[in-house]
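Scope of the values below: all heavy atoms of this structure, side chains included, with no hydrogens, waters or symmetry mates. We name chains A, B, ... by the order of the sequence lines, and we start the count at 1 in each one.
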Amino acid sequence: MAKQYWLFKAEPEDYSIELFRKDKKTYWDGVRNYQARNFLRDSVKKGDEVFIYQSNTDPLAVVALAEVVKEGYPDFTAMDPDNSHFDPKSTPENPIWFMVDIKLTKVLKTPVLLSELKKNPKLKEFKLIQRGNRLSVMPVTATEWNEILAMSEK
DNA sequence: GCCAACGTTGGC
DNA sequence: GCCAACGTTGGC
């Protein structure tokens, strides 16, 4: 299958890029939205590339690139009562929530700001900038991927 | 199965 | 802090 591209959102309070820089590799836990879950469980494949986007912070921007190193498997934080993402409905026999593992490929020298993405006419269709979008895992087309990368290298 | 109420997300 | 958008819940 051809390589696919994704965008993962993170709030720096939850998981910052500084921490990712230290970890190098991490499990992407805490996704509690069914549409995003379906992507993680069914569509995100090993070798796919991922934009890491920081939300609810300043600046709002795509800040790093990552690569999927392990495909969807049950999110164990949903089964840990002490975890803030605990969901009693998810059990080892019947897990509801899924995660993938990613490794850091590159921290962008110049983050691509949300405000810049919105200004780019080529990215009019990009899901992230659509009004009301709340998905924390979303597909990115190859065209969008390349365009956004190019914006970072200026 | 409908839909109002409620909670959360996330930009501003 | 506000609020629009949208997902989820629960009464009927």
Provide, to the nearest angstrom, the distance between the CD atom belonging to A:Gln130 and the C1' atom belonging to B:dG10.
15 Å
Please report, rounded to the nearest Å, how far the C1' atom of B:dT8 is from the CD atom of A:Glu11.
11 Å
Can you tell me if the side-chain N/O atoms of A:Tyr53 get under 4.0 Å from OP1 or OP2 in B:dT9?
no
Rounded distance (Å) that lies between atom P of B:dT8 and atom CG of A:Asn56
14 Å
Count the heavy atoms belonging to other residues, nucleotides or ligands that lie under 6.0 Å from NZ of A:Lys103, then report whether that count exceeds 12.
no
Separation between CD (A:Glu11) and CG (A:Asn56), nearest 0.5 Å, reads 4.0 Å
Whole-Å gap separating C1' (B:dG11) and CG (A:Leu113)
14 Å
Measure from the side-chain heavy atoms of A:Tyr34 and tell me the nearest of B:dG10, B:dC12, C:dT8.
C:dT8
B:dC12 OP1/OP2 closer than 4.0 Å to side-chain N/O of A:Lys118
yes
Given C:dT9, C:dG7, B:dC12, the nucleotide with the shortest approach to the side chain of A:Asn33:
C:dG7
How many whole angstroms separate atom NZ of A:Lys9 from atom C1' of C:dC6?
12 Å
Nearest-Å distance for atom pair CG/P, residues A:Leu135 and B:dT8:
18 Å
Take atom CZ of A:Arg32 and atom C1' of B:dG10, then tell me their distance rounded to the nearest Å.
19 Å
Mind checking whether A:Trp97 and A:Tyr34 have parallel, tilted or perpendicular rings, split at 30° and 60°?
tilted
Please check if the number of heavy atoms outside A:Tyr27 that lie under 6.0 Å from its OH is greater than 12.
no
Dump every N/O contact between nucleotides 1-5 of chain C and the protein below 3.5 Å, one line per pair.
| unit_1 | atom_1 | unit_2 | atom_2 | d |
| --- | --- | --- | --- | --- |
| C:dA4 | O3' | A:Arg131 | NH2 | 3.2 |
| C:dA5 | OP1 | A:Arg131 | NE | 2.8 |
| C:dA5 | OP1 | A:Arg131 | NH2 | 2.9 |
| C:dA5 | N3 | A:Arg134 | NH1 | 3.3 |

Scan side-chain atoms only and decide if A:Thr77 and A:Arg32 contain a donor-acceptor pair under the 3.5 Å cut-off.
yes
Whole angstrom value for the distance that separates C1' of B:dT9 from NE2 of A:His85
14 Å
When you check the gap from the basic side-chain N to the acidic O, do A:Asp75 and A:Arg37 get nearer than 4.0 Å?
no
A:Met138, A:Met99: one ILVMFWY side-chain cluster at the under-4.5 Å cut-off?
no
